Amino acid sequence: MRRRDDVVEGWVVLGVWTAIAVGAPFTGTVCAHSAEDAFARQRADRHPVQAVLMDNTSSPVRAGWEGTRVRATVRWTADGTTRTDRTMIDAGHRVGSEVKVWVNGQGRLVTRPPSATESSVQADALGLLAATAFAAPVYAGGRVLRRQLDRRRIDEWGRAWDRVGPQWGREKR
């Protein structure tokens, strides 16, 4: 015996898993390649310059795998123009020390671009996140549809039992 709801459920399951099997890898790959391209553009546009520390380093702002970083004012020259701004530098420098800062093509302070290895790891992580972000709502939508089909089947079983239940246990004569 094959009910219409059972056929619909089969198509829902097939559709959901096909969409996930095709769409999630595609979405993840496109996202990872896009991120990798953006990181490559950053590496091409940004370059280090020597800057002079203008004030003593204050108390640490961030300590992490890169070490202790502090916010400080630095002065550097880009395109023949002397500029001054605040940025994060390694702790332990004194006023007048030379420090390395990163600037973009316009000579503005920017963060250090990720290395090729860091870019690859970050791009892969973003691709995985994008694939998951694609697959999760597709799967959730399939679960909602299947739950509705289950409720319809339970209601049908209840109506069938209402018809057959009173006759249960009666002897045939």
Side-chain angles (χ1 to χ4, degrees), residues 1-48 60-71 85-90 100-173:
M1 188 161 110
R2 190 171 82 174
R3 294 174 295 221
R4 181 176 176 269
D5 287 350
D6 296 332
V7 173
V8 170
E9 182 179 27
W11 283 107
V12 166
V13 169
L14 180 64
V16 164
W17 287 111
T18 300
I20 289 173
V22 174
F26 176 77
T27 302
T29 301
V30 168
C31 180
H33 285 304
S34 177
E36 189 67 51
D37 290 344
F39 294 140
R41 283 191 304 275
Q42 285 180 0
R43 282 192 303 276
D45 181 54
R46 298 175 182 188
H47 59 278
V61 174
R62 186 179 89 205
W65 64 272
E66 292 179 330
T68 303
R69 308 277 289 170
V70 295
R71 184 167 298 284
D85 203 352
R86 292 184 60 77
T87 189
M88 298 296 290
I89 63 166
D90 293 330
K100 180 170 70 170
V101 296
W102 289 83
V103 296
N104 63 13
Q106 292 80 38
R108 293 189 190 110
L109 286 176
V110 292
T111 58
R112 179 185 64 83
S115 68
T117 302
E118 291 168 340
S119 295
S120 180
V121 170
Q122 289 178 16
D124 290 346
L126 289 169
L128 181 61
L129 183 63
T132 302
F134 175 88
V138 172
Y139 180 78
R143 291 297 302 157
V144 167
L145 289 172
R146 290 184 65 200
R147 179 168 283 142
Q148 289 175 343
L149 290 169
D150 285 343
R151 286 183 181 154
R152 283 178 49 172
R153 279 191 290 256
I154 289 170
D155 290 344
E156 283 181 30
W157 292 336
R159 286 190 296 275
W161 182 253
D162 288 343
R163 286 190 307 270
V164 175
Q167 299 172 2
W168 194 263
R170 283 189 182 173
E171 287 186 33
K172 289 189 178 181
R173 292 185 188 209

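Source: prediction; values computed, not measured.
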Heavy-atom pair of closest approach, residues [X] and [Y]:
X: R86; Y: L109; result: O-CD1, 3.9 Å
X: Q42; Y: P114; result: OE1-CD, 3.3 Å
X: E36; Y: R43; result: OE2-NH2, 3.9 Å
X: A35; Y: L126; result: CB-CD1, 3.8 Å
X: W102; Y: P113; result: CE3-CD, 3.4 Å
X: T27; Y: A130; result: CG2-O, 3.7 Å

### Message
Taking V30's backbone N and O only, do any of them form a donor-acceptor pair with S34's side chain (distance below 3.5 Å, no angle check)?
### Response
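Side chain of S34 to backbone of V30: no pair is present.
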### Check: D45 side chain, N104 main-chain N or O, donor-acceptor pair, under 3.5 Å
no
Below 4.0 angstrom, N of the basic side chain to O of the carboxylate: do [X] and [Y] qualify?
X: D85; Y: R108; value: no
X: R112; Y: E118; value: yes
X: R159; Y: D162; value: no
X: D5; Y: R153; value: no
X: E156; Y: R3; value: no

#### Entry: CZ-CG distance between R69 and D90, expressed to the nearest 0.5 angstrom
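Here the interatomic distance stands at 5.0 Å.
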#### Entry: Flag side-chain contact, heavy atom, 4.5 Å: R147 against R151
yes
### Query
So does H47 have more than 12 non-hydrogen atoms from other groups sitting under 6.0 Å from NE2?
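Yes - once you tally the heavy atoms of other residues, nucleotides and ligands closer than 6.0 Å, there are more than 12.
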